[in-house]
Amino acid sequence: MDIFEIDGPVKLSGTIDVAGSKNSALPIQAAALLAPGVSVIPNAPNLADIRSFETLLESLGAKVHRDEAGLHIDATTIDNPVGEYDIVRKMRASICILGPLLARCGKVKVSMPGGCAIGDRPVDIHLRGIKALGARVYLENGYIVAEAPAGGLVGTQIFLGGPFGSTVLGTDNVMMAAALAKGTTIIESAACEPEVADLANCLNAMGAKIRGIGSPRLIIEGVKELRPVTYSVIGDRIEAGTFMVAAAITKSRLRIRNFDIDNMVAVVDRLQQIGAVIDRTADGCEVAQYGSIRPADITTQPYPGFPTDLQAQFMALLALAEGNSVVTEKIYPDRFMHVAELNRMAANLRKEGPSVIVAGVERLVAAPVMASDLRASAALVLAGMAAYGTTVVHRVYHIDRGYERIEEKLNAVGAKIRRKDV
Ligand code: EPU
């Protein structure tokens with residue numbers, strides 16, 4: 001198992017390029033199932049989660065390979081529409097084969113995803129959505145089974161709101177199923193995340209007819225068939241946001257490229273409150289933190305609100321602020337595994353229900369710490385670059401799920417991170 005040894009504090013300078021978005025590429029891998037033939041994602045990031053999804057696609061009958069032109073998915077033959085427990089349990093995003101396989105094969109079985117380190121993560125809204133399209137849905141030995149009616153799925157009006165707002169992969173699933181349904185589907189309270197818009201744009205490039213993209217009201221006119229596509233995903237806004245925090249926490253200046261800063265208005269707003277100076281560039285931004293880190297309150301919300309996937313990283317930054325901040329999690333109220341680990345590095349964080357009171361400290365001190373999930377581990381790497389001494393982050397496989405060669409990218413701009421196999 002790999003660990004990171006991180007020497008700090010460091011100053012960073014230079015340019016970092018972000019990869020294609022993980023959370024766009026995952027559902028777009030599933031979308032390839034909708035059309036017989038070869039679809040290509042030229043800039044699919046080379047991440048553990050993307051490779052797990054490749055294994056899932058192969059288990060369904062697709063042929064997958066990667067070369068310099070990108071990730072190729074040949075979905076000509078799909079002869080086993082079953083998301084097996086052993087694959088789904090490793091990656092919850094596997095659930096997004098549900099909609100496309102139901103539409104393409106008329107029947108699908110997917111292992112019911114369990115909880116994970118960030119909370120319960122139910123899929124009831126996904127199921128409500130595909131039931132509304134006419135599917136019969138039942139649970140059998142831990143598997144969700146969904147069957148389309150004899151004449152195929154039928155478009156309708158569907159409300160997809162839940163107790164924590166909209167659902168990203170739920171919207172994706174229903175949108176993909178509705179793309180091949182008869183008639184028009186209207187999804188109300190659709191997720192507006194840029195990755196959902198990216199999937200909708202990809203589906204339209206495959207021949208779907210989706211309007212209202214990026215809004216909470218998606219109108220999907222069903223079509224008879226879709227064709228394979230070559231589609232490049234958007235830059236990863238969460239990776240970009242992580243590097244923006246890297247600049248701020250090390251009081252450095254970084255240029256970050258290959259993403260759309262218009263997708264990050266809430267993040268930019270909080271960074272400016274914290275005292276960072278952000279200059280837009282044609283392909284991203286420059287971020288600099290000159291003075292002290294100011295406190296800021298943060299509440300995570302569905303897009304365009306502040307993303308839950310950057311909550312942990314911002315908490316590491318606010319741990320070094322001159323004053324107190326409150327961080328409130330409204331998407332995953334239990335997503336606070338990083339709190340105890342940051343406290344081991346001399347942060348002063350106190351959890352109060354779905355919030356954490358962050359009392360800023362003057363310095364963080366290196367310690368051995370344990371990564372628990374993808375974004376929590378990113379927060380520990382950021383803290384390690386600012387902390388005094390050598391921080392050891394255990395279980396870095398969590399970070400490899402969502403960041404491509406993070407230590408190489410950060411070392412190229414001045415970090416001192418060593419990956420060791422222990
Ligand atoms: N929810 C329900 N019922 C459902 C579905 C969701 O109650 O049927 C709840 C969830 O428990 C949560 C909220 O609704 O409280 C929002 O969850 P959502 O369904 O939007 O999450 P997701 O689609 O499973 C994606 C990302 C996550 C990201 C969330 C929120 C992918 C592959 N995953 O998950 O990304 O945190 O949206 O933005 O796109 C990550 O990349 O580290 C990550 C966890």
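Keep in mind the model is a prediction, meaning the values are calculated, not measured. All residue numbers in this chain count up from 1 along the given sequence. Just so you know, ligand 1 is whichever comes first in the structure, and atom 1 is the first atom listed for that ligand.
Ring orientation note: the planes of Phe306 and Phe314 are nearly perpendicular, at an angle over 60° on the 30°/60° scale.
Residue Lys22 has at least one heavy-atom neighbour below 4.0 Å for each of these atoms of ligand 1: 40 (C), 41 (O). Every atom of ligand 1 with a heavy atom of Ser166 under 4.0 Å away is listed here by number and element: 16 (C), 20 (O). Proximity to Leu374 (heavy-atom distance under 4.0 Å) selects the following atoms of ligand 1: 42 (O).
A salt bridge links Glu5 with Lys420: the distance from a Lys NZ or Arg NE/NH1/NH2 to an Asp or Glu carboxylate oxygen falls below 4.0 Å. A salt bridge links Asp262 with Arg280: the closest approach of a Lys/Arg side-chain nitrogen to an acidic carboxylate oxygen falls below 4.0 angstrom. Between Asp283 and Arg255 a salt bridge is recorded (basic side-chain N to carboxylate O distance below 4.0 Å).
For atom 2 (C) of ligand 1, the nearest non-hydrogen atom from the set Gly402, Gly161, Pro122, Pro27 belongs to Pro122. Comparing Asp124, Asp236, Asp49 against atom 3 (N) of ligand 1, the shortest heavy-atom distance belongs to Asp124. The heavy atom nearest to atom 9 (C) of ligand 1, considering only Tyr303, Phe164, Tyr332, is found in Phe164.
At the shortest separation from atom 39 (O) of ligand 1 among protein heavy atoms lies Asn23 CG, 3.2 Å. Here the protein heavy atom with the shortest distance to atom 19 (O) of ligand 1 is Thr167 OG1, 2.6 Å.
The closest side-chain heavy-atom distance from Ile238 to Gln313 is below 4.5 Å. In this structure the side chain of Thr308 reaches within 4.5 angstrom of the side chain of Glu329, judged on heavy atoms.
For ligand 1, none of its N or O atoms has an N or O atom of Leu26 under 3.5 Å away. Taking any N or O of Ile125, backbone or side chain, at least one lies under 3.5 Å from an N or O belonging to ligand 1. Of the polar atoms of Asp309, at least one N or O is found under 3.5 Å from an N or O of ligand 1, judged by distance alone. Close N/O approach between Arg375 and ligand 1 is found [any backbone or side-chain N/O within under 3.5 Å].
Look at Arg335 and you'll find a heavy atom under 4.0 Å from some atom of ligand 1.
In this structure Asp400 satisfies the salt bridge (Lys or Arg N to Asp or Glu O under 4.0 Å) test together with Arg419, sequence neighbours excluded. Legend: residues meeting salt bridge (Lys or Arg N to Asp or Glu O under 4.0 Å) with Asp309, ordered by chain and number and at least two apart, are Arg335.
Residue Glu239 forms a salt bridge (Lys or Arg N to Asp or Glu O under 4.0 Å) with just one option from Arg405, Lys409, Arg257, and that option is Lys409.
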